[in-house]
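All values derive from a computational prediction rather than experimental measurement.
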Amino acid sequence: MSSIYDLHSHSTASDGALSPSELVQKASEAGVKVLALTDHDTLAGLAEARRAARQCGLTLIDGVELSVTWQDQCFHIVGLNVNAHHEPLRQGIEHLQTIRVERAREMARCLAKRNIPGAYEAVVKMAGGGMITRTHFARYLVGQGYAKDVRSVFERFLVKGKPGYVPTQWAELEAAIGWIESAGGVAVLAHPLRYKLTGNKMRRLLAAFREAGGRGIEIVWGNSSAQDIQTCAAYARQFELAGSVGSDFHSPENSWLRLGRLAPLPSAIKPVWALWPDEGRGRLCSA
Ligand code: AMP
Ligand code: MN
Ligand code: MN
Ligand code: MN
């Protein structure tokens, strides 16, 4: 199972383990021909990724993964093939970055109250100027011996109701979709089954998403089952959304989640890249 398209991935510009150029190199080695870099709330890795992509003949799609709050829950909207210089998109992202810094400070304060000091300074250092995410807190806590691995640290400290969790008001769904679509991109609902919604709530979300101008939904991801693919394909058909495929790759340490190792989109589904000029090569290697 491999795909020449991988339209969801992370670098050190947010919580990925590889630099943008290392990521592009690895993707190319894995047989990916069209890669979207979609870091959390930042476009900062794109320039480096684009230079690396030119060198290895890979098509880089400028992307981003925006954090939104809809009905008191956090969702991720991937923007694909965006114009990274579009001012409303840049301003929206800047706002999200401010929210991220404030949240990180607050998370560190909450952990300090539980006798876990020094988290803010540590995650700032770890992020190296990139976005600070819960993944960075997880790495810090594991490093300090508070849990054995990232997965258990999330369960014990970083999910709703746990000491390091800070409820956050991210961007409005409608606004985030607007920034992406007005930047010439395609707004895609990321990993739709990870939110654990009832069918009813998922349909309300997709109706709101569609109403706001969203045009795509992820159907195939790193470890989606045949059943997951069918479920999401049915949502795509019902809401007339194009389908996307993306590993959501973060690190080579996650051996179960590799770049480009993706099942094909069901043939009845229109792929998101069919929405781009010249099959996504319209903005290839733009300056
Ligand atoms: P944030 O956007 O700062 O809330 O961080 C979210 C990121 O944390 C996601 O993109 C994942 O990379 C990671 N993450 C979320 N939940 C888990 C989990 N249960 N185990 C491991 N990583 C997770
Ligand atoms: Mn992440
Ligand atoms: Mn996500
Ligand atoms: Mn992601």
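In this structure, Arg204 places its CZ atom where more than 12 heavy-atom neighbours from other residues, nucleotides or ligands lie under 6.0 Å away. More than 12 non-hydrogen atoms from other residues, nucleotides or ligands lie less than 6.0 angstrom from CD of Glu87.
Taken together through direct or relayed side-chain contacts under 4.5 Å among Ile, Leu, Val, Met, Phe, Trp and Tyr, Met107 and Ile99 form parts of separate hydrophobic clusters. Hydrophobic clustering, with ILVMFWY side chains joined whenever heavy atoms are under 4.5 angstrom apart, groups Trp179 together with Val78.
In the model, Gln238 has no side-chain atom that pairs as donor or acceptor with a side-chain atom of Arg203 under 3.5 Å. A donor and an acceptor atom, one from each side chain of Gln227 and Thr231, are located under 3.5 Å apart. Donor-acceptor pairing under 3.5 Å is lacking for the side chains of Thr42 and Asp39. Side-chain contact of His136 with Thr133: a donor-acceptor pair under 3.5 Å is present, judged by distance alone. Under the 3.5 Å distance criterion, with hydrogens and angles disregarded, no donor-acceptor pair is assigned to the side chains of His191 and Glu218. Under 3.5 Å, the side chains of Ser225 and Asp228 contain a donor-acceptor pair of N or O atoms.
Between Phe75 and Tyr195, the ring centre distance stays below 6.0 Å.
In this structure the side chain of Phe249 reaches within 4.5 angstrom of the side chain of Leu18, judged on heavy atoms.
Among residues two or more places apart in sequence or in another chain, the side-chain hydrogen bond (donor to acceptor under 3.5 Å, both in side chains) test is passed with Asp248 by His8, His10, Arg194.
Here the straight-line distance linking atom OG of Ser247 with atom CG of Leu262 works out to 5.5 Å at 0.5 Å rounding. Taking OG of Ser21 as the reference point, atom CZ of Arg50 lies at 13.5 Å (rounded to 0.5 Å). For the atom pair Asp149 CG and Arg139 CZ, the distance stands at 13.5 Å (nearest 0.5 Å). Atom CZ of Arg114 and atom CZ of Arg109 lie 16.0 Å apart (nearest 0.5 Å). With values rounded to the nearest 0.5 angstrom, Ile93 atom CD1 is found 9.5 Å from Met131 atom CE. Once rounded to the nearest 0.5 Å, the distance linking CG of Asp41 with CZ of Arg100 reads 4.5 Å.
Checked for salt-bridge contact, Arg51 and Glu48 miss the test: no charged N lies under 4.0 Å from a carboxylate O.
Between Ile219 and Gly243, the shortest heavy-atom distance links the atoms CD1-CA, 3.7 Å. In terms of heavy-atom proximity, Asp6 sits nearest to Gly260 at OD2-N, 2.8 Å.
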**Message:** What verdict does the salt bridge (Lys or Arg N to Asp or Glu O under 4.0 Å) test give for Arg215 and Glu240, after you've listed the backbone C-alpha separation in whole Å, the side-chain angles of each residue and the deciding distance to 0.1 Å?
**Reply:** CA-CA 8 Å; Arg215 291 187 290 161; Glu240 297 178 327; over 6 Å; no
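Counting only residues at least two apart or on different chains, no side-chain hydrogen bond (donor to acceptor under 3.5 Å, both in side chains) pair has a member in residues 162-173.
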